[in-house]
Amino acid sequence: MNVLLLGSGGREHALAWKIAASPLLTKLYASPGNPGIGRFAELVKLDIADHSTVAAFCQEKKIDLVVVGPEGPLVAGIADDLRAWGIRVFGPSKAAARLEGSKGFTKDLCAKFNIPTAAYGRFADLAAAKAYVEKVGAPIVIKADGLAAGKGVTIAMTLEEALAALEACFDGASGSAGAEVVVEEYLTGEEASFFCLCDGATALPFGTAQDHKRVGDGDTGPNTGGMGAYSPAPVMTPEMTERTMREIIEPTMRGMANLGAPFAGILFAGLMITDQGPKLIEYNTRFGDPECQVLMMRLKDDLLVLLNAAVDGQLAHMSVRWSDDAALTVVMAARGYPGTPEKGSVIRGLDEAASDGAEIFHAGTAINGGALVANGGRVLNVTATGATVGEAQKKAYGATDHIDWPQGFFRRDIGWRAVEREQTGK
Ligand code: AMP
Ligand code: GLY
C-alpha cells in the first residue's frame with residue numbers, strides 16, 4: 001500500500017514508525033513531516049488546507065490510504081473532500097469531528113444521550129453567562145466553544161476569575177472560538193486518556209494513557225499540549241474501562257449514527273474518574289500527542305491492518321494486543337514554551353540517547369546547514385518501555401542525559417503518580 005500521513009509532530013513520527021513496520025506498506029509519504037519522519041517517509045510539501053491539491057497528489061502517487069494526524073484538517077472537512085474524490089481516509093468526517101470542533105455540540109450530545117459529564121450551560125452573550133456563573137458560584141470552568149489549541153479553558157477557583165475569563169472570551173481573547181462559551185461544573189478526581197478505534201458502528205478500545213498538561217514539575221505553571229505521558233493508565237481498571245465503554249463510548253457511537261454523523265477514526269475521550277465513576281471532560285477526534293507515542297510503543301499488532309479495518313467498517317471482527325510493558329515519554333521543549341519558544345538552537349546526542357533502546361520521536365525539529373535544530377515548542381519525545389512505569393521512567397530519563405541541548409528543558413517527574421502507586425502498592 002502507498003500511504004500519505006498528514007502532520008508534523010511527535011504523534012505523526014510515532015505513527016510513521018509503526019506504519020513503516022507493516023509488511024503491507026509499499027511506500028510512505030508524509031506532509032509536511034519532520035526530520036524524524038523523514039527516516040521512514042518521503043516528505044512532500046503540500047498545502048493541506050487546499051484539499052484538491054492533496055487529492056491530486058493522492059491520485060498521481062496512487063495513494064491507498066491517507067492518515068490524518070491533527071484535528072485542524074479534520075474539522076475543516078478534509079476527510080469528506082478526499083472521499084468525494086474516491087480516496088480512502090482514516091479520520092472522521094467534518095460532521096463527526098464536531099465532537100472535538102465544538103464543545104457545545106458535545107455537551108448537547110451528552111445531554112441528549114444521557115452520557116455522564118460535568119453539568120453545563122451554553123451562552124452566546126456575556127450577561128446571561130455572568131448570571132449563570134453568579135448563580136452556580138466557584139470553582140467553575142469556562143471554555144471557549146471552538147478549537148483554541150488548548151488555550152480556551154479557564155479553571156476558575158474564584159468568582160472574580162470566572163467573570164474575568166468570561167469577559168476575555170467575549171472580548172475575543174480566543175479569537176472566533178470565543179464567540180460562544182460553555183460554562184461547566186468543576187469536576188474532581190483523576191484524569192485519564194481513553195482511546196477507541198472506530199469504524200462508524202463499532203468502537204474498539206485502543207489503549208489508555210495519562211498526560212501531564214502543566215509545564216512545570218508537580219503539575220504547576222501554565223497548561224501545555226502535554227509535557228509527557230505514560231501508558232497504561234492504572235486508574236483505567238477493567239471495570240472502569242467496561243463502564244466507560246457502556247456509559248460513554250457506546251452511547252456516543254449510537255448518538256452520532258442517530259444524528260447522521262457516524263464516527264470513524266480515533267475517538268479520544270478525556271475522562272475524569274470521579275467518586276461516581278467516569279465522566280467525559282472532552283472528546284478529541286484524533287490521537288493524543290504525546291499519548292500516541294506511548295500507545296505505539298505498546299501496540300503489538302500491525303497498525304496498518306487496524307487502520308484499514310476501521311476505514312472498511314470491519315472492526316467488529318478485530319481485536320488488539322498490547323505489550324504488558326509500560327511505556328513513558330518525556331517531552332523536551334524549547335525554552336519559552338508554552339509561550340514563544342526559541343527556535344534554531346542545535347541539538348546533539350540523539351544516537352547516543354537511542355543506543356539503549358529508547359525511541360526519540362521528533363516533534364518540532366528541522367535540519368539547518370546539516371545540523372538538527374529546534375523548530376517548535378515541543379521538540380523531542382524521549383520514549384522508553386519497561387516492566388513497570390518506574391522502569392520505563394528510569395530508561396527515558398537515562399536517555400535524556402545523552403541529549404546535548406542546553407536550550408531545551410523538560411519535566412523531571414513524568415509518571416510520578418503511577419510510580420508512587422507502584423512503590424506503595426496502592
Ligand atoms: P480541555 O481543553 O477541555 O481538555 O481542558 C483542559 C484541562 O482542563 C483538562 O485536561 C482538565 O485538567 C481541566 N478541565 C477541563 N474541564 C474540567 C472540569 N469540568 N472540571 C475540572 N477540570 C477540568
Ligand atoms: N495531549 C493532549 C492532546 O493531544 O490533546
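We count ligands from 1, going down the list as the structure has it; atoms in each ligand are counted the same way.
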TODO: List the steps and the verdict of salt bridge (Lys or Arg N to Asp or Glu O under 4.0 Å) for Glu190 and Arg421.
DONE: CA-CA 13 Å; Glu190 188 170 340; Arg421 265 209 186 95; 2.8 Å; yes
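Within 4.0 Å of ligand 2, contacts by protein heavy atoms are made from Asp211, Gly225, Phe268, Asn284, Arg286, Gly288, Asp289, Pro290, Glu291.
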Could you go through residues 255-274 and list every donor-acceptor pair under 3.5 Å that involves a side-chain atom there, pairing it with any protein atom two or more places apart or in another chain?
unit_1 : atom_1 : unit_2 : atom_2 : d
Thr274 : OG1    : Gln276 : N      : 3.1
Thr274 : OG1    : Gly277 : N      : 3.3
Thr274 : OG1    : Gly277 : O      : 2.8

Less than 3.5 Å apart, which donor and acceptor atoms pair up between the side chains of residues 399-412 and the rest of the protein, not counting sequence neighbours?
unit_1 : atom_1 : unit_2 : atom_2 : d
Thr400 : OG1    : Tyr397 : O      : 2.6
Trp405 : NE1    : Ser345 : OG     : 2.9
Arg411 : NE     : Gly216 : O      : 3.2
Arg411 : NE     : Asp413 : OD1    : 2.9
Arg411 : NH1    : Arg214 : O      : 2.9
Arg411 : NH1    : Gly216 : O      : 3.3
Arg411 : NH1    : Asp219 : OD1    : 3.1
Arg411 : NH2    : Asp219 : OD1    : 2.9
Arg411 : NH2    : Asp413 : OD1    : 3.1
Arg411 : NH2    : Asp413 : OD2    : 3.1

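The residue from Glu282, Glu191, Glu184, Glu100 that puts a heavy atom closest to atom 19 (N) of ligand 1 is Glu184.
In terms of heavy atoms, Ala384 sits closest to Ala396 at CB-N, 3.7 Å.
A salt bridge does not link Arg11 with Glu291: none of the charged nitrogens is closer than 4.0 Å to a carboxylate oxygen.
Distances below 4.0 Å separate heavy atoms of Val153 from the following atoms of ligand 1: 1 (P), 2 (O), 3 (O), 5 (O), 8 (O). Short contacts between ligand 1 and Ile281, defined as distances under 4.0 Å to a heavy atom of the residue, involve ligand atoms 15 (C), 16 (N).
For the side chain to side chain contact (heavy atoms under 4.5 Å, CB included) with Val3, the lone residue among Val66, Ile63, Leu304 that qualifies is Leu304.
At least one N or O atom of Lys143, backbone or side chain, sits closer than 3.5 Å to an N or O atom of ligand 1.
Residue Ile155 touches ligand 1 through its side chain alone, judged by heavy-atom distances below 4.0 Å.
In summary, the aromatic rings of Trp416 and Tyr230 are positioned with their centroids too far apart to meet the 6.0 Å limit.
Residues satisfying the side-chain contact (heavy atoms from CB on, under 4.5 Å) criterion with Thr202, sequence neighbours excluded, are Asp199, Leu315, Ala316.
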